[in-house]
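Please read the structure below before turning to the comments.
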Amino acid sequence: MMSNVEHLSATELDALLRFYADAGADEVMGVEPVDRFAAKETASKPAPQRTISSSPPSPVLAQKAAVVPDQSVADAATHLAAQANDLERLRDALSGFDGCNLKATARNLAFEGGRRDADIMIVGGAATRDDDANGVPFSGPDGVLLKNMFAAIDLDIVDQTYQALCVPWAPPGGGPPTPIHLNILKPFIIRQIELAAPKHLIIMGNVAAKHLIDPKRMILKLRGENFDLSFGDWNGIALVMHEPSYLREQPSAKRVTWHDLLAFKKQLTPG
């Protein structure tokens, strides 16, 4: 499967290996065929006894082991988030937090984007592969669409908004985060909103809307509405909108999103 790789550069080889990993390939295939039935017969023979080493596990393996969440993990997240007095310390606390096993498979922490002192804060669901590659929320095609959406109402996404995610590490395979991941990391996004103290909050997508507003209602029932929210010392109104990834999959939803953007622009310039 990888016989003709001599001409590839180190970067290309790394990209190829990542492709195989993302595709779920976990076994090396040789040139000669393998008789799987014969392999099963051989495997049925009793294996020779081995001496079990009492040495501690490799630090690398220990770091990659999956974390089983419990109350102590949740308490640690709550404590770390509460101890952070500014966004830089919160970023450091989250970066050093090992209570979420998504960290072991992610390349980068997509903690924030835009300007920390912006009046508008946008909160999305989980980091995507592009976010993971760049270490910034709403990267790649999603970021391009988001930029164009706000440019349509005369807002610069880089200079006039601050962006964050409920889950800043990308789930493997680009899938959605589990409720366990969301609940473990909730103290951090709550604290991030509190420290950013935006004048206007936009919650984008089904994951973020259900997580931060109402777990029993889907985005189709929540979008376009304003909600009075309170996170720590922060109190304000949040508008729910579709996220860019959904709009790229469902272009017909851009019509209602345009109305949501116009309504938001009106909030910025009342009267």
Task: Ion pair Arg116/Asp86, N-O distance below 4.0 Å - done: no

Open item on the list: Applying a strict under-4.5 Å side-chain criterion to I, L, V, M, F, W and Y, I'd like to know whether Leu247 and Val144 cluster together.
Closed with: no

Open item on the list: Tell me whether Glu112 contacts the main-chain N or O of Arg91 through its side chain, where contact means a donor paired with an acceptor under 3.5 Å.
Closed with: no

- [ ] Give a yes or no on whether the backbone of Ala74 and the side-chain of Thr78 come within a donor-acceptor separation of less than 3.5 Å.
- [x] yes

Open item on the list: Less than 4.0 angstrom from a charged side-chain N to a carboxylate O is my criterion; do Glu225 and Arg217 meet it?
Closed with: yes

Task: Side-chain touch Leu195/Leu90, heavy atoms, less than 4.5 angstrom - done: yes

Open item on the list: I'd like to know if Ile213 and Phe188 are part of one continuous hydrophobic network [Ile/Leu/Val/Met/Phe/Trp/Tyr, side-chain heavy atoms within less than 4.5 Å].
Closed with: yes

Open item on the list: Could you see if Val158 belongs to whatever hydrophobic cluster contains Leu268? Use Ile, Leu, Val, Met, Phe, Trp, Tyr and a side-chain cutoff under 4.5 Å.
Closed with: yes

- [ ] Working to the nearest 0.5 Å, report the span between CD1 of Ile122 and CG of Leu239.
- [x] 10.5 Å

Open item on the list: Same cluster or not: Met218 versus Phe227, using hydrophobic residues (I, L, V, M, F, W, Y) connected whenever any side-chain heavy atoms lie under 4.5 Å apart?
Closed with: no

- [ ] May I ask you to test the Cys100-His181 pair for a side-chain heavy-atom distance under 4.5 Å?
- [x] yes

Task: Closest heavy-atom pair and its distance - Trp234, Glu194 - done: CB-CA, 4.0 Å

Task: Residue pair Ile189 / Leu165, side-chain heavy-atom distance below 4.5 Å - done: no

Open item on the list: Just verifying a value: how many Å separate Arg191 CZ and Phe231 CZ, rounded to the nearest 0.5 Å?
Closed with: 13.5 Å

Open item on the list: Return the OG1 to CZ distance between Thr161 and Phe138, rounded to the nearest 0.5 Å.
Closed with: 9.0 Å

Open item on the list: Would you compute the distance between atom CH2 of Trp169 and atom OG of Ser95 and round it to the nearest 0.5 angstrom?
Closed with: 7.0 Å

TODO: Answer yes or no: is there a side-chain heavy-atom contact under 4.5 Å between Ile120 and Lys199?
DONE: no

Open item on the list: Can you confirm whether more than 12 heavy atoms, excluding those of Lys147, are under 6.0 Å from its NZ atom?
Closed with: no

- [ ] Taking all heavy atoms of Cys166 and all of Leu185, pick out the closest pair and write down the distance.
- [x] O-CB, 3.8 Å

TODO: Looking only at non-hydrogen atoms, find the nearest pair between His242 and Ala253 and report the distance.
DONE: CD2-CB, 4.0 Å

Open item on the list: So which atom in Asp131 and which in Pro137 form the shortest heavy-atom distance, rounded to 0.1 Å?
Closed with: OD1-C, 3.6 Å

Task: Test side-chain contact (heavy atoms from CB on, under 4.5 Å) applied to Tyr246 and Lys254, step by step - done: CA-CA 9 Å; Tyr246 178 82; Lys254 291 181 180 179; over 6 Å; no

Task: Side chain to side chain, Asn206 and Glu243, heavy atoms closer than 4.5 Å - done: no

Open item on the list: What I'd like to find out is whether the side chain of Leu94 reaches to under 4.5 Å of the side chain of Phe111, using heavy atoms alone.
Closed with: yes

Task: Heavy-atom pair with the smallest gap, counting every atom of Asp130 and Pro141 - done: OD2-CD, 3.3 Å

TODO: Keeping the roles fixed (side chain from Asn108, backbone from Ala133), state whether a donor-acceptor pair exists under 3.5 Å.
DONE: yes

Task: By side-chain contact (heavy atoms from CB on, under 4.5 Å) - contacts of Val136 (at least two apart) - done: Ser139

Open item on the list: Once rounded to the nearest 0.5 Å, what's the spacing between atom CE of Met241 and atom CZ of Arg223?
Closed with: 9.0 Å

Task: No-hydrogen, no-angle side-chain donor-acceptor test under 3.5 Å, Asp260 and Thr257 - done: no

TODO: Answer whether the closest heavy-atom distance between the side chains of His211 and Pro177 falls below 4.5 Å.
DONE: no

Task: Lys216 and Asp214 ion-paired at < 4.0 Å - done: no

Open item on the list: Set out, in order, the CA-CA distance, both residues' side-chain angles and the distance that settles side-chain contact (heavy atoms from CB on, under 4.5 Å) for Leu201 and Ile203, then state yes or no.
Closed with: CA-CA 7 Å; Leu201 180 63; Ile203 297 178; 4.2 Å; yes

Open item on the list: Testing the basics here: between Pro187 and Ala77, what is the closest heavy-atom pair and its distance to 0.1 Å?
Closed with: CB-O, 3.9 Å

- [ ] Specify whether Phe264 and His200 have parallel, tilted or perpendicular ring planes, treating 30° as the upper limit for parallel and 60° as the lower limit for perpendicular.
- [x] perpendicular

Open item on the list: Any heavy-atom pair between the side chains of Asp98 and Lys103 that's under 4.5 Å?
Closed with: yes

- [ ] For Arg115 and Asp159, run side-chain contact (heavy atoms from CB on, under 4.5 Å): C-alpha distance rounded to whole Å, both residues' side-chain angles, the deciding distance at 0.1 Å, then the answer.
- [x] CA-CA 6 Å; Arg115 292 182 51 152; Asp159 291 333; 4.2 Å; yes

Open item on the list: Pair Arg89, Asp92 - check salt bridge (Lys or Arg N to Asp or Glu O under 4.0 Å), show working.
Closed with: CA-CA 5 Å; Arg89 288 185 176 87; Asp92 291 342; over 6 Å; no

Open item on the list: Test of understanding: clusters of I, L, V, M, F, W, Y form through side-chain heavy atoms closer than 4.5 Å, transitively. Do Met204 and Leu262 belong to the same one?
Closed with: yes

Open item on the list: Regarding Gln267 and Asn226, do their side chains bring together a donor and an acceptor under 3.5 Å, going by distance alone?
Closed with: yes

Task: Working for side-chain contact (heavy atoms from CB on, under 4.5 Å), residues Ile193 and Val123 - done: CA-CA 9 Å; Ile193 295 172; Val123 177; 4.2 Å; yes

Open item on the list: As an exercise, state the distance from CG of Leu182 to CD1 of Ile180, rounded to the nearest 0.5 Å.
Closed with: 10.5 Å

